[in-house]
Structure formats: structure tokens, C-alpha cells
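Read through the structure below, which is laid out as C-alpha cells, and then see the notes.
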There are 2 protein chains.
Amino acid sequence: MRLDAQLCFAVHAASRAFDSVYRVTLREAGLTYPQYLVLLVLWEHGELSVKELGQRLRLDSGTLSPLLKRMETAGWVERRRDRADERSVVVRPTEEGLGLRERVCIVPEHTVESTGMSIAEMGELRDRLKELTDSLDAAVVRLSGTGARA
Amino acid sequence: MRLDAQLCFAVHAASRAFDSVYRVTLREAGLTYPQYLVLLVLWEHGELSVKELGQRLRLDSGTLSPLLKRMETAGWVERRRDRADERSVVVRPTEEGLGLRERVCIVPEHTVESTGMSIAEMGELRDRLKELTDSLDAAVVRLSGTGARA
DNA sequence: CACGATTCAGTTGTGCGCAACTGAACAGCG
DNA sequence: CGCTGTTCAGTTGCGCACAACTGAATCGTG
């Protein structure tokens with residue numbers, strides 16, 4: 001198999017392997033990995049609009065709307081229209097959502113152990129993947145941008 | 001955000017960025033990326049059981065069964081029970097499935113360009129990700145294996 | 001041979017992710 | 001002010017991915 005396919009496959013496999021680890025460690029809290037990501041961002045920023053969440057997590061409203069709906073049903077976040085701009089919806093963690101922070105505080109160390117990597121290696125790999133992602137994103141714009149020229 | 005979350009997020013983002021590139025390049029052929037992976041393996045091996053496909057692609061029957069069903073409907077693969085072992089189902093590409101190989105032959109070079117990486121860098125990154133995946137897989141066995149001890 | 005355990009593919013249910021679209025709110029410009 | 005185009009979140013439809021399960025075929029052991 002060609003190298004590009006191997007690399008892409010390796011990225012996918014690693015992604016799903018990470019999912020499996022988080023599935024196990026987050027199972028007790030009832031969280032999925034994307035929901036955990038949303039909480040990580042909200043714990044850090046307090047409250048964000050759906051758009052800002054999407055920019056940080058690289059997700060669009062088609063993914064976030066139902067995801068946030070489930071999290072609101074579970075009682076972890078609240079949503080309300082921004083009175084300054086009624087198009088926008090502001091998401092913030094509830095007391096229960098803030099409380100989850102304590103329940104899942106052991107998750108990071110489990111994950112670090114699971115990687116079998118040093119902190120330096122993890123940082124380096126993260127940076128390489130960021131560069132790769134940026135290159136791929138730029139390529140998508142080039143490839144589909146030219147084709148979709150109306 | 002903690003480093004492990006950053007690394008995991010970077011892997012996920014790269015995975016989805018790759019998806020986007022393949023979505024564009026495979027669009028004309030009507031293939032999705034997982035379907036393309038199945039064909040890559042079948043082009044190389046001629047025919048494989050669902051189990052063997054799953055082992056190579058790291059997918060279970062819950063994912064492969066409907067995926068192969070769609071590919072059979074599209075006329076790219078055939079499925080038949082193995083007469084030597086009626087539990088097993090053998091999958092092989094049809095003439096049309098073999099013909100797709102020519103239609104998507106430009107996909108790899110598009111993808112290589114899109115990564116913005118040298119061949120050596122791609123190989124190195126692939127190897128690092130394989131190690132990471134192996135470590136994570138082992139961790140899942142440890143974490144859930146001990147918990148599920150009946 | 002018989003019978004319990006295992007190995008298969010397939011089904012069901014849930015959640016993520018994206019394309020394409022809808023409808024409401026807003027911004028800019030004449 | 002009114003109209004047009006844009007920016008939002010949300011919905012629909014589809015495909016991938018996995019857990020948990022079903023049912024049929026096979027294997028192993030007595």
C-alpha cells in the first residue's frame with residue numbers, strides 16, 4: 001500500500017485508539033470524548049457561543065447542535081440566546097457540569113500513561129500533527145475551491 | 001489544556017482533515033474513504049473474508065457489514081459464503097471494482113502533495129503513530145480488562 | 001456421537017461528523 | 001426606511017464506528 005494511504009490509515013487508527021482509551025476512562029462519568037472536549041473548553045473559558053466552540057473544536061453546528069442538546073438534557077450545560085445578538089447561542093457549564101471536573105480529574109494521567117510516550121515526545125508529535133492538519137486544510141481549500149468556482 | 005488532551009485533539013483533527021482531502025478527491029468516483037480502504041486491501045489481496053478485512057482495517061462486523069452491503073449494492077464487490085466454512089463470508093472486487101483502480105489512481109499523489117511533507121517525514125510520522133496506537137491498544141486491554149474481570 | 005463453548009457475520013441502538021439546507025436575526029447600502 | 005446579502009443555530013439525511021446482542025456453523029472434549 002502506498003505511503004500516503006499508510007499515513008492516513010495510521011492517523012485514523014491512532015484516533016480510534018484514543019477514542020477507546022477515553023471511552024473506558026470516561027465511561028463512569030457517562031461522557032463521550034467529544035462531550036469531554038466541550039467541557040474542557042468550557043471549564044477554561046466559562047461560557048462560549050456555539051460558533052466559538054466550533055472554531056476551537058473544529059466542528060460545525062450540524063455536529064454541535066445535537067451534541068449540546070444531549071449535554072443540556074444530561075444537565076451539564078445550559079444554552080440561551082445572546083440578548084445582544086439573537087442569532088447567537090451562549091453555552092455555559094451548569095454547577096453539575098463544573099462538578100464533573102473533579103470526577104474526571106484522573107483521566108489525564110491515565111491517558112498520558114496510555115500513550116507510552118514522554119512529555120517531550122507528545123509535544124513534538126502534537127506539533128507535527130498540527131502542521132499536517134494545516135497543510136491538509138489548505139489543500140482542501142485549493143482542491144474544492146477551484147472545482148466549485150461558479 | 002493538558003498535553004494529553006492536546007495530543008488526542010491533534011490526532012482527531014488530523015484524522016478529520018485527511019477525511020476532507022479524501023472526500024474531495026474520491027467524490028468523483030463516488031467512494032468514501034473507508035470504502036476506498038476496503039478496495040485498496042482487496043486490490044492487493046484479491047479476496048478476503050470479512051474477518052480478515054476487519055483485522056487489516058481495525059474494524060468489526062458491526063461497521064463492515066453495512067459498509068460492504070452498500071459496496072455490493074454499488075456493484076464494486078461481491079460477497080458469498082465460504083463453502084469450506086459456512087460461518088465465513090468471502091469478499092472480492094467485481095470487474096467494476098477492479099476498474100475503479102484506474103479512476104482513482106491520481107488520488108495518492110494529490111494526497112501526498114496535500115500533506116506538505118517529504119516521504120521520509122511521512123514514514124517517520126506513520127511509525128510514531130503506529131507505536132502510539134499499539135500503546136493505546138495495550139492500555140485499553142489493561143484498563144477495561146481488569147475492570148471486566150468476572 | 002453429543003453437548004457446551006467458541007467463532008463467525010449480521011442486526012440494533014446510539015453517537016459523532018459532514019453536506020446541504022432552513023429560517024431567523026443582523027449589517028450594509030442606496 | 002427598505003432591500004439584499006450575510007451570519008447565526010438548528011434540522012435532515014447519510015455514512016462511519018462501536019457496544020451489545022442474535023443466530024448459525026464449527027470446534028473440542030468427554
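Chain A is the first sequence line, chain B the second, and so forth, proteins listed ahead of strands; every chain is numbered from 1.
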[X] (side chain) donor-acceptor with [Y] (main chain) under 3.5 angstrom:
X	Y	value
Thr94(B)	Trp76(B)	yes
Glu72(A)	Arg79(A)	yes
Ser61(B)	Leu64(B)	no
Thr133(B)	Leu129(B)	yes

Look at [X] and [N] and indicate whether a side-chain polar atom (N or O) is within less than 4.0 Å of OP1 or OP2.
X	N	value
Ser61(B)	dA9(C)	no
Arg79(A)	dG10(D)	yes
Ser65(B)	dG10(C)	yes
Arg16(A)	dC18(D)	yes

Rounded distance (Å) that lies between atom [atom2] of [N] and atom [atom1] of [X]:
X	N	atom1	atom2	value
Leu59(A)	dC8(D)	CG	P	17 Å
Leu31(A)	dC18(D)	CG	P	19 Å
Arg87(B)	dT6(C)	CZ	C1'	8 Å
Met71(B)	dG15(D)	CE	C1'	13 Å
Glu78(A)	dA9(D)	CD	C1'	18 Å
Arg58(B)	dA19(D)	CZ	C1'	15 Å
Leu53(B)	dG10(C)	CG	P	11 Å
Leu68(B)	dG15(D)	CG	P	14 Å

Residue [X], side-chain heavy atoms: nucleotide from [options] that is nearest:
X	options	answer
Gln35(B)	dG15(D), dT11(C), dA9(C)	dG15(D)
Thr63(B)	dC26(C), dA9(D), dC18(D)	dC18(D)
Pro34(A)	dA9(C), dG17(C), dA17(D)	dG17(C)

Comparing His12(A) and Asp85(B) on DNA chain D - which has the more 5′ nearest nucleotide:
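So the residue in question is His12(A).
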Walking DNA chain D from its 5' end, the first of Lys51(A) and Arg23(A) to be reached, judged by nearest nucleotide, is Lys51(A)
Students often get this wrong, so: under 4.0 angstrom with heavy atoms, is [X] touching a base, only sugar-phosphate, or nothing?
X	answer
Thr32(B)	sugar-phosphate
Asp19(A)	nothing
Leu64(B)	nothing

Of Asp60(A) and Val89(B), the one whose nearest nucleotide on DNA chain C sits closer to the 5' end is Val89(B)
Please work out whether the ring planes of Trp43(A) and Tyr36(A) are parallel, tilted or perpendicular, with thresholds of 30° and 60°.
perpendicular
Can you tell me if Glu28(A) has over 12 outside heavy atoms packed within less than 6.0 Å of its CD?
no
